[in-house]
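In what follows, a structure is listed as structure tokens, so that the remarks can point back to it.
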Amino acid sequence: MWLELSGPPYAVLNEGLSPSDGGKVIAQLQKLGIPYQLQAAGNVILVPAPQLAQARLQLGAAAVPGSDTQTAWNQLENAPMTASDLAQSTMATQALELSLQQSIQAMSGISSAQVFLALPPETPFLADQPKPAASVVVDAGQMQAAAQGETIAKLVAGAVPGLAAQDVTVVTTDGTTVYPAGGEMNTGTQLATESQVEASAAARVAGLLIPLVGAGNFQTDVSENLDFTQASIHETSYGPTHIIQHSSSNQTSQTGSDGAALGIPGALSNEPPGQTTAAPAQAATVKTPGTKQPQTTAAAPPPQPSRTTDDLDQTFVTDQTESDITKPNWAIKSIAISVVLNQASLPKTVTVQQIKTAITAAFAYPNVAVNVLAMPFQKQAAPMAGAPIIAAANPLAHALLEVFAAMALLFGLALPAGRRIANVNLKTMLPAPQPMQRPLPVIMPPRDFSELRDQAAENIPGVARLLQSWTEENE
């Protein structure tokens, strides 16, 4: 604890790096001699707080960890002059893919992304030039991917000339296509819809039966038939009462007498001939008394017979409305519900037929088949009220059991065994002393024990046997 507390505090240098980038950072820190620590399974790299600024500057000068996108563009920029057009086009495509991946990964809810671009070369000799296409694989939840699918498609289409957003396919790592949105539901979506309908129907039946028979006194099984056929209808409505008004009129006007001949017999047309240009008739001179000069009046020609016909046909439409109706992706054709009741919990005033009628009336589907059966069966045990508390206390109980087990081993095994070993007679376990090969010299204890120490060092077995015999005599 003292060593841990006495060391310098550590600060976060990098967080959320990929394994390859993290390895580059650690290798550079080892070259620079800067200590580091790893946390969160290597996702967080820490260095001492006093050396944080120095580490960032030195790593930046060494371009570590660097970016795959920057590396790709640098590789394209520093490509040799001998590189072929195909190699340069490939490097440019890879750099563009990495740039798009980096932008998509920065979006909310996207963990990782991978972009694939299909850019056909421009060929002027082709009548129909192939169009570019793209595919994007994202690692995200279903809701997040569906919300960002159109945005990702527009982002990729905006970065590639000639690429339309409809030609960009966005899929998730589990194989679900989020853009473009398909009109038909896949098998997984259909099964999920069926499960949701069954769960909803079972919950509705449970809400009806629990007040009558109580929880755990019935079993429900729901089976439905869903229609996933899609249809679009175009409707035209005409006003509140769908009235169309139509009027037709014929108007004829004639000039001249009714018996006048209108036309020339044998002519191709029955229309009267037009006015002809003729010499003017001699004017009649009328002398008026009291005047000096006579007045001349021209004789008016007789009017030519003519006939004019006007036909008028009008249609009046009142409040015309056109609408396009698209039916939902699925509809319930029929549903079958089977219920088994606990006969002992069924009230005497309620019959099976009444329960069947109530369940049938709770669903407004086209075809509802309900089967209710009452029979005795064992009631399921209700869950314990303190189950969540017990579940939360399991780790603590496990730790307490480990402590008790350790105490049992200590007091029940280790300490009694120690006392048992302490009481063992060591004389029976030690080997019998061997006869002395030579008599021990009589040593007078001098005042200076250095000589005695030297003699004991030269005859160690003899000293040991002497001590053993002394301990046997003086227990």
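Residue numbers run from 1 in the order of the sequence given. Predicted model only: the values in this text are computed from it and were never measured.
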Drop me the distance from [X]'s [atom1] to [Y]'s [atom2], to the nearest 0.5 angstrom.
X      : Y      : atom1 : atom2 : result
Leu163 : Lys131 : CG    : NZ    : 10.5 Å
Leu409 : Leu415 : CG    : CG    : 11.0 Å
Ile359 : Leu209 : CD1   : CG    : 4.5 Å
Glu402 : Met407 : CD    : CE    : 14.0 Å
Gln105 : Ser111 : CD    : OG    : 9.0 Å
Gln101 : Gln94  : CD    : CD    : 10.5 Å

Check whether any side-chain heavy atom of [X] sits under 4.5 Å from a side-chain heavy atom of [Y], and report yes or no.
X      : Y      : answer
Val352 : Leu346 : yes
Pro9   : Pro48  : no
Val156 : Ile104 : yes
Ile152 : Val168 : no
Ile34  : Gln58  : yes
Ile337 : Phe363 : yes
Leu38  : Ile26  : yes
Met107 : Leu155 : yes

Minimum heavy-atom distance between [X] and [Y], given as atom pair plus value:
X      : Y      : answer
Leu13  : Ala55  : CD1-CB, 4.3 Å
Tyr36  : Gln30  : OH-NE2, 3.0 Å
Ala145 : Thr172 : CB-CG2, 3.5 Å
Gln51  : Pro35  : OE1-CD, 3.6 Å
Gly109 : Ala140 : O-CB, 3.1 Å
Leu208 : Pro211 : O-CD, 3.6 Å

Between [X] and [Y] (side chain of the first, backbone of the second, donor and acceptor by atom type, cut-off under 3.5 Å), is there such a pair?
X      : Y      : answer
Glu224 : Ile332 : no
Gln219 : Val340 : no
Thr93  : Ser89  : yes

*Any chance you could lay out the side-chain contact (heavy atoms from CB on, under 4.5 Å) test for Leu341 and Asn217, step after step, and finish with the verdict?*
CA-CA 6 Å; Leu341 300 174; Asn217 289 317; over 6 Å; no
_Does Leu29 form a side-chain contact (heavy atoms from CB on, under 4.5 Å) with Ile45? I'd like the steps, not just the answer._
CA-CA 10 Å; Leu29 290 177; Ile45 302 177; 4.2 Å; yes
*Take Phe218 and Leu212 through the side-chain contact (heavy atoms from CB on, under 4.5 Å) test and state the conclusion after the steps.*
CA-CA 10 Å; Phe218 61 89; Leu212 295 176; over 6 Å; no
*asked:* Run the side-chain contact (heavy atoms from CB on, under 4.5 Å) test on Phe228 and Glu194 for me, step by step, so that the C-alpha distance in whole Å, both residues' side-chain angles and the decisive distance to 0.1 Å come before the verdict.
replied: CA-CA 11 Å; Phe228 295 98; Glu194 292 179 355; 4.0 Å; yes
